[in-house]
Protein chains: 2
Amino acid sequence: MHCDHTASAEQLVDIAEQRCRELGVRFTPIRRRVFELVSDTPGGLKAYELLDRLSTEHASARPPTVYRALDFLMEQGLVHRIESQNAFVACPCPEPRPDHHGGFQLMICRACGRVEEMHRLEVTALMSQLVAEHGYTLERQTVELVGLCPDCRSAA
Amino acid sequence: MHCDHTASAEQLVDIAEQRCRELGVRFTPIRRRVFELVSDTPGGLKAYELLDRLSTEHASARPPTVYRALDFLMEQGLVHRIESQNAFVACPCPEPRPDHHGGFQLMICRACGRVEEMHRLEVTALMSQLVAEHGYTLERQTVELVGLCPDCRSAA
DNA sequence: ACCAGTGACGCAATAGTATACCACTTCGCC
DNA sequence: GGCGAAGTGGTATACTATTGCGTCACTGGT
Ligand SMILES: [Zn+2]
Ligand SMILES: [Zn+2]
Ligand SMILES: [Zn+2]
Ligand SMILES: [Zn+2]
């Protein structure tokens, strides 16, 4: 039920490559590099920060370059968008599943920017029930929880 | 526990005015008009749409004009931001409370754009528990649920 | 090996969202 | 009336994201 989310950035890249092969989609050098950069940044990366870093080694990079790569990675469920911050974070799951795609929760430290991802079925269940009470169906959930992480809390 | 959310736009404006008086903050003509425009739009309004509408009657309106008004209204809890859409929606609560401020959930129809607001304590409780298990504190939650409303579902 | 079809990329322009800054006015208070 | 704080006008700019089009590279079938 819980996957462990302890994979290193390198491991995530290997897993992503493997996964793309299985799905028959192309993990091109640009996509790979973008995924590496996002994976290396625990707090998530803004698109133009990403562009800056990518530019240093890939001079022809432009906004569409990074947005296209991010769109691809999001479609594969390898990267998620943090809506409340216009930022992008790598999915830490070693084995992203389809049901996970629209059903994860992010926990964000407002002090240090750490982001942790959860995918708790109870949350999805509660949300489904909630919307059902109003006659809605649930297709996608955005859940972003902002607070203080243990480290920052004890520092304060 | 549940407030009814059936107030008309006019009623919401009156309530907001009353509320600002109580709090000792100024419900200026610009702020009032922005709140009216947002309240009149059930699916929420984008900032520049709002600017367009405001401009027709208030020629000197500029982006800062509307963002300042929106910031004020959000501080008072009269308007919420829909993070996943860069849009703003009026809080339908006749009596917004402080605990409500960071603890509401939005249900959004992807077909017609309707937005309904809920503030269910069970959700906040579950989120608090969830983050507590990871040692975090919870200060603010963004919960946006996208799906089909009853009308759009039966139409499909 | 050849070719057509598709998808990825390079590149320029533009659309859309939000803030910084400074001057001036209005308000509430003394 | 004088004062400080808050609100507004106005300009500029920063930040975020998409469109459109031409070209190139990979893929699959022949
Ligand atoms: Zn996971
Ligand atoms: Zn922290
Ligand atoms: Zn309410
Ligand atoms: Zn609908």
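Keep in mind that this is a model prediction, so the values were computed, not measured. So you know, we letter chains A, B, ... as the sequences are listed, proteins then strands, and number each from 1. These values consider heavy atoms only, across backbone and side chains, with no hydrogens, waters or symmetry-generated copies.
The shortest distance between side-chain heavy atoms of B:Pro63 and B:Leu51 falls below 4.5 Å.
Residues from residues 28-39 of chain B that place a heavy atom under 4.0 Å from any atom of DNA chain D, listed by number: B:Thr28, B:Ile30, B:Arg31.
Atom pair B:Gln85:CD and D:dA17:P shows a separation of 15 Å (rounding to whole Å applied). Atom C1' of nucleotide D:dT23 and atom CZ of A:Arg68 are separated by 12 Å, given to the nearest angstrom. Taking atom CZ on A:Phe88 and atom P on D:dC15, their separation rounds to 16 Å, with Å as the unit. Distance CG (B:Leu23) to P (D:dA6): 15 Å, rounded to an integer number of Å. Rounded to an integer number of Å, the gap from B:His58 NE2 to D:dG9 C1' is 8 Å. Here the P atom of nucleotide D:dG9 and the CG atom of B:Leu51 are 12 Å apart, to the nearest Å. Rounded to a whole Å, the OH atom of A:Tyr48 is 8 Å from the P atom of D:dT16. In this structure, CZ of A:Arg21 is placed 16 Å from C1' of D:dC26, rounded to the nearest angstrom.
Of the N and O atoms on the side chains of B:Thr124 and B:Gln141, at least one donor lies less than 3.5 Å from an acceptor on the other residue.
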- Message: For a side chain to side chain contact (heavy atoms under 4.5 Å, CB included) check, start with the C-alpha distance between B:Phe88 and B:Leu45, then their side-chain angles and the critical distance, and finish with the verdict.
- Response: CA-CA 5 Å; B:Phe88 301 85; B:Leu45 214 44; 5.5 Å; no
- Query: Where do B:Glu17 and B:Arg19 land on the salt bridge (charged side-chain N to carboxylate O under 4.0 Å, His left out) test, with the steps shown first?
  - Reply: CA-CA 5 Å; B:Glu17 177 158 29; B:Arg19 192 173 156 67; over 6 Å; no
- Go through the steps for A:Phe72 and A:Arg68 under the test side chain to side chain contact (heavy atoms under 4.5 Å, CB included), then give the verdict. CA-CA 6 Å; A:Phe72 169 83; A:Arg68 284 193 287 232; over 6 Å; no
- Give the intermediate values and the outcome of side chain to side chain donor-acceptor pair (under 3.5 Å) for residues B:Glu144 and B:Ser84. CA-CA 8 Å; B:Glu144 297 176 7; B:Ser84 59; 2.5 Å; yes
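The residue among B:Ala61 and A:Pro63 whose nearest nucleotide of DNA chain D is located toward the 5' end is B:Ala61. Residue whose closest nucleotide on DNA chain D sits further toward the 5' end, between A:Arg26 and B:Phe72: B:Phe72.
Residues A:Phe104 and A:His80 bring their aromatic ring centres within 6.0 Å.
For DNA chain C, the contact window with chain B, defined by any atom under 4.0 Å from a protein heavy atom, covers C:dT17 to C:dC27 in 5' to 3' order.
Using a cutoff of 4.0 Å between basic side-chain nitrogens and carboxylate oxygens, A:Arg33 and A:Glu36 are scored as salt-bridged.
At least one test fails for B:Arg32 against the ring of B:Phe27: distance under 6.0 Å to the centre or angle within 45° of the axis.
Within the structure, a side-chain polar atom (N or O) of A:Tyr67 is placed less than 4.0 Å from OP1 or OP2 of D:dA17.
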